[in-house]
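Scope of the values below: all heavy atoms of this structure, side chains included, with no hydrogens, waters or symmetry mates. Just so you know, ligand 1 is whichever comes first in the structure, and atom 1 is the first atom listed for that ligand. This is a predicted model, so every value here is computed, not measured.
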Amino acid sequence: MSNVTQLSPGAWQISHPFLGEHEVIGSYLLEGRNELAVIDPGPGSMVESLFASIREAGYDPEDLTHILATHVHLDHAGATGTLVRQLPGAHVYVHSQGAPHLLDTTKVIASASRIFGDRMELLWGEIASTPQERLHVIEGGDILNVAGRRLEVHYTPGHAVHHVIFFDAHSGELFAGDTAGVRLPGVDYVRPPTPPPDLDLEAWSDSIDLIKSLRPDVLYIGHFGAVKNIPEHFERLREKLYSWGEFVLGAMRDGKEEAEIITMLIEHTRPELLQAARDPHALERYEIATNYPMTVQGYMRYWSKKHPERL
Ligand SMILES: [Zn+2]
């Protein structure tokens with residue numbers, strides 16, 4: 001199975017065989033005017049597969065000029081520091097609020113270690129820091145002229161406080177990161193990825209409205225691939241974001257503990273995913289893209305910090 005799919009002139013989708021699963025975690029490759037850019041390079045554990053995919057697309061990873069991060073979560077940008085060390089021509093572009101976490105990965109490693117424990121190396125590989133001189137801070141409203149394209153940067157907090165999307169208004173292609181949720185190929189189901197610590201439902205809903213107002217023709221999402229039924233997709237995401245949130249809030253108000261709420265949310269939502277997928281393996285695939293423990297932790301922190309009045 002090829003891990004590389006051409007999407008349009010100068011644009012490829014890359015699938016990382018993460019934990020042996022294809023089309024769960026993705027990167028996007030852009031080429032033009034002697035520039036080679038990757039949007040969301042993926043986890044540090046997938047650097048070799050990223051390089052193989054770039055070669056398969058017909059390019060030399062050594063020629064990588066730009067690394068664009070929609071946000072700094074490890075499944076999207078964990079490989080950044082390793083790539084920068086290996087590729088002298090590569091420069092990194094990340095939102096100002098995400099930049100400190102690439103500049104110094106100590107905190108990211110510490111918080112991820114608390115969650116993933118002895119699976120850290122297997123899942124994420126090396127999580128190296130990026131030197132300041134290779135790091136370029138971006139903000140919503142910026143324009144990046146990259147690989148022959150004019151990419152608009154739009155600030156889309158909600159999933160992460162430093163999340164941005166990249167929009168090519170000329171082609172109508174929008175690189176959405178996790179702002180457009182998780183929808184795996186072959187499964188007609190949109191799942192909300194709601195990890196701690198930044199989850200903000202109001203901000204996310206505003207980010208959805210912002211993306212819709214851009215009227216993109218296609219969304220390229222991190223997990224995974226192209227989405228074309230955009231208004232419907234976003235309304236399903238928004239509905240799930242809030243309905244799962246209300247479910248977790250209800251359990252919190254009933255005095256349930258985190259572990260109990262995780263079990264309750266799985267029982268509450270598994271039937272709808274199974275119905276959409278008609279394949280129990282889809283549950284595992286969705287769980288790799290966004291897992292229930294982090295989903296519940298994100299909502300619990302959101303309600304406690306942002307809406308204590310509702311508890
Ligand atoms: Zn994320």
Worksheet item: Below 4.0 angstrom, N of the basic side chain to O of the carboxylate: do Glu126 and Arg85 qualify?
Response: yes

Worksheet, complete the sentence: Rounded to the nearest 0.5 angstrom, the CZ-CG distance for Arg238 and Leu241 is 9.0 Å

Worksheet entry | Aromatic ring pairing His307/Tyr302, orientation class (parallel under 30°, perpendicular over 60°, tilted between) | perpendicular

Worksheet item: Does the cation-pi check pass for Arg191 over Tyr292, that is, NZ or CZ under 6.0 Å from the six-membered ring centre and within 45° of its axis?
Response: yes

Worksheet, complete the sentence: Protein-side N, O or S atoms sitting under 2.8 Å from the Zn ion (ligand 1) are His71 NE2, His73 ND1, His159 NE2, Asp178 OD2

Worksheet item: With sequence neighbours left out, which residue pairs that include part of residues 89-100 fulfil the salt bridge (charged side-chain N to carboxylate O under 4.0 Å, His left out) condition?
Response: none

Discussion item. Classify the ring geometry of His71 against His73: parallel below 30°, tilted from 30° to 60°, perpendicular beyond 60°.
Written reply: perpendicular

